[in-house]
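Side chains are part of it too, since the values below use all heavy atoms of this structure and drop only hydrogens, waters and symmetry mates. Below, read A as the first sequence line, B as the second, and so on, with proteins coming before strands; counting in each chain starts at 1.
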Amino acid sequence: MTADLLSGNHFEIFGLPARFALDQEQLAERYRELQRAVHPDRYANAGAQERRLAVQRAAQINEAFQVLRDPLARAKYLLELHGVQVDDGQNTAMDPVFLMEQMELREALSEVRGHAEPQAALARLFQDISARIQDLTALLGGELDRATPDALRQARDNVRKLQFLGRLREEALELEADLEEGLG
Amino acid sequence: MALLQISEPGQSTAPHQHRLAAGIDLGTTNSLIASVRSGLAEVLEDENGRFLLPSVVRYRPDGSPIVGYDAKAAVVQDPLNTIVSVKRLMGRGVADLKLLGGRLPYEFAQGDSAVPRIRTAAGEVSAVEVSAEILKALKHRAEEALGGELNGVVVTVPAYFDDAQRQATKDAGRLAGLNVLRLLNEPTAAAVAYGLDRGSDGVIAVYDLGGGTFDISILRLNRGVFEVLATGGDTALGGDDMDRAVAQWIMTQAGIGDDADHAQLRRLMREACAAKEALTETEATGLVVERMDGSRWQGRLTRAQLHELIDPLIRKTLSACRRALRDAGVAVEDIREVVMVGGSTRVPRVRELVGEFFQRPPLVDIDPEKVVAVGAAIQADILVGNKPEDEMLLLDVIPLSLGIETMGGLVEKLIPRNTTIPVARAQEFTTFKDGQTAMAFHVVQGERELVSDCRSLARFELHGIPAMVAGAARIQVTFQVDADGLLSVTAREKTTGVQSSIEVKPSYGLAEHEIERMLRDSFDHAREDMELRRLREQQVEADRVVEALEAALATDGEALLSRDERAAIDAALLAVKQARQGDDHLAIKRAVEALEKTCAEYVARRMNTSIQQAMAGHKVEDFGG
């Protein structure tokens, strides 16, 4: 059988080094080139078999692109390539300081509605969350590059923290939507 | 090595001749068909020079259908047999009827089918059959204008259509005898019409307010690639609702009660629509309505009053715009242009509020009623193969999350909304009883957590799971959404590799045997032979496969195939051509299947080659071949 060219990992599909740091422009450019080659629209006149194959290939490329373009998903994926599972249900003990901060952030979020200027309060909260996400993401790059057992453990913990912050950010976005609808 | 092709005088050297393709905007209120002729996309007119076809079907006393203006003229006189706005019923269940903007002026048959059936002079008809009549009328118009049979069409759907609504649209195309190359989202079609015109890169918003549906899409244009970032909307909100709001107001003012009959309601809707249109020009308009008892009511509607009635509806659309921007991760300031689509964007108040929201005047220079059909025609022309060098590519998204029902009536999301399609996600399941050989899934679409708040798409039953102890089987179920936004499900037991069979029960769709029956019925009318039709379908598929394969072999058969492989393919190809000469549709089908099997390896190699070419120069190491 012919080797499946897309059987490699997500980085190999795009011909990119398996690193956390990544050129988004380059990724997007190669994504478009690959889709131009395999997208089902290119095979609209082909036989049923070729059309099915095109759907599968295009789906594979979409999947790889979704993972690589999102820093958190990319970090999780790199950890998996290193044999580290993020959501294995083990070693879930979190840094108590971080948990404390999370509780404070959640409290701040729940108090937004009662605030005299809810939108301003929410904007401040967004800034706070974004800054934390940025700091953690910066750490991740170095840890994943070093890739020592110790560094990978740290990276895993930081990915978990980022998941917390990501969920918080989602909830803040939903609240923002609610507030806007209320004004609408 | 370049090959020189020597042609006889008067013969074309082109690899294949120009194929006939068309784009169809199957609208709630009006439908259109457009085609690319001498490089220009144009909407095709009827023999009276009208480009719109009212989406109205009337079944005459003898059961024969008429479509368009003549049908529309009979709306008041024959409301029960004259079906308007059928698009609202596409992919809907009997239970949904109540939610569709109050009273529908038809009689629905009581039956056990999941699909509502309207009782007419032609018997009971489903929305798919009514839509197929509209498509047939458009097909006829195009084939008259273009002078030949259509090779393929692109049919547009609201971006927000769920799987059942898309499937219903595709079924209608099939019933109308069309080769539907693609279902294209209406806003994406509009973006194509504008984007190619302007060749400008950046993020654009498409605001599409039709008669019965609203869509908002945020797209990024980048050198011919149209990437949909997010889409949202409401499949039950449109210009009709504005008319209804005005009609309600008139009823209140004129003291017309809820007991008004169908004909009266139709008259009121017409009066309301006329008033809405008049107010685009003037500040106030007069109204005259005849009551049931024959007495007349006269009144006046000002523009300010109209705004009061319709502003809540427009604000609803703006909320959806806000959500779509958030989903796309872009701010209002990032939007380079706002494209207006749909007849209802002619209402000045809509343009005003949309312009305010996006902080820039919206684009209206392509007729908002034509723009979708024009974009669909451009894509149809490319898909049918008339522009092999064209670089345009449309990357669309799934509008609503897909999930499955889990314990306690909760939804587990498998594919979140706004994921680029095609997409495939696999999920592993196991058995919970010893020796269990079957399993049931319920697939739903929607954003809510409870199954009861989402849209039921289908129930799948898996059979043929090898009997094992509880928890030992590992069944991988793959949910795939294709480029049309349509779902398919496959399952495989991983430890044994056994492929499980899947039985699909669409919640609001037509089962395969129902479509078969409709196809048969439609031929009884046309006095055509079902067998002949099957033969024709197989011949078309055989021709398609042969043509594609011969073109492929001429390009890279030499490079990719060994002598033996080539000989096997040539033999299978010859078998298809021979079967094609005969009149046995099953024989053709078998020959095509055998050919596809023989070519499987070659097809995979070709796809790999094109991936390789796309990545040429990027790879550090060479691809293994």
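When the shell of 6.0 Å around CD of B:Q427 is examined, it contains more than 12 heavy atoms from other residues, nucleotides or ligands. Under a cut-off of 6.0 angstrom, the local environment of CD in B:E428 is crowded, with over 12 non-hydrogen atoms contributed by other residues, nucleotides or ligands. Within 6.0 Å of NZ in B:K589 there are 12 or fewer heavy atoms belonging to other residues, nucleotides or ligands. Atom CZ of A:R106 is surrounded by more than 12 heavy atoms from other residues, nucleotides or ligands within 6.0 Å. Environment of CZ in A:R132: crowded, with over 12 heavy atoms of neighbouring residues, nucleotides or ligands closer than 6.0 Å. Other residues, nucleotides and ligands place no more than 12 heavy atoms under 6.0 Å from the CD atom of A:E117.
Under the 4.5 Å side-chain criterion, counting only non-hydrogen atoms from C-beta, A:D41 is not in contact with B:M392. Side-chain contact between B:L383 and A:Y43 is absent, with no heavy-atom pair separated by less than 4.5 Å. When side chains are defined from C-beta on, A:P40 does not count as touching B:D482, because their heavy atoms never get closer than 4.5 Å.
Between the CZ atom in B:R322 and the CD atom in A:E176 there is a gap of 10.0 Å [rounded to 0.5 Å]. Atoms CZ and CG, from A:R32 and B:L395 in turn, are 9.5 Å apart once rounded to the nearest 0.5 Å. Rounded to the nearest 0.5 angstrom, A:R57 CZ and B:I611 CD1 are separated by 5.5 Å.
Listed options B:A600, B:A483, B:A424 were ranked by heavy-atom pairs under 4.5 angstrom with chain A; first place goes to B:A600. Chain A forms the most heavy-atom pairs under 4.5 Å with one residue out of B:V546, B:L318, B:L595, B:N222, and that residue is B:N222. Counting heavy-atom pairs closer than 4.5 Å to chain A, the top residue among B:R425, B:E593, B:Q613 is B:R425. Contacts with chain A were tallied for B:V545, B:L549, B:T420, B:V592; B:T420 has the most, counting heavy-atom pairs under 4.5 Å.
A:Q35 touches chain B through backbone and side chain together, each having a heavy atom under 4.5 Å away. At a 4.5 Å heavy-atom cutoff, the contact between A:Q49 and chain B is made by backbone and side-chain atoms alike. In this structure, no portion of A:A28 lies under 4.5 Å from any heavy atom of chain B. Heavy atoms of A:E29 lying under 4.5 Å from chain B belong exclusively to its side chain. Using a 4.5 Å cut-off between heavy atoms, B:I421 touches chain A through its backbone atoms (N, CA, C, O) alone. Heavy atoms of B:R223 lying under 4.5 Å from chain A belong to its backbone as well as its side chain.
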Worked check of salt bridge (Lys or Arg N to Asp or Glu O under 4.0 Å) between B:R605 and A:E50: CA-CA 11 Å; B:R605 275 183 213 159; A:E50 211 162 348; over 6 Å; no
Between B:L394 and A:H39, is the side-chain contact (heavy atoms from CB on, under 4.5 Å) condition met? List the steps. CA-CA 9 Å; B:L394 310 183; A:H39 195 276; over 6 Å; no
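Taking each heavy atom of B:L181 and A:A44 in turn, the nearest pair found is CD2-O, 4.2 Å. Of all heavy-atom pairs spanning B:S610 and A:A37, the tightest one is O-CB, 3.5 Å.
Between the side chain of B:E596 and the backbone N or O of A:G47 there is no donor-acceptor pair closer than 3.5 Å. Looking at A:N45, its side chain never comes within 3.5 Å of a backbone N or O of B:R544 through a donor-acceptor pair. A:N62 contributes a side-chain N or O that, together with a main-chain N or O of B:P422, makes up a donor-acceptor pair within less than 3.5 Å.
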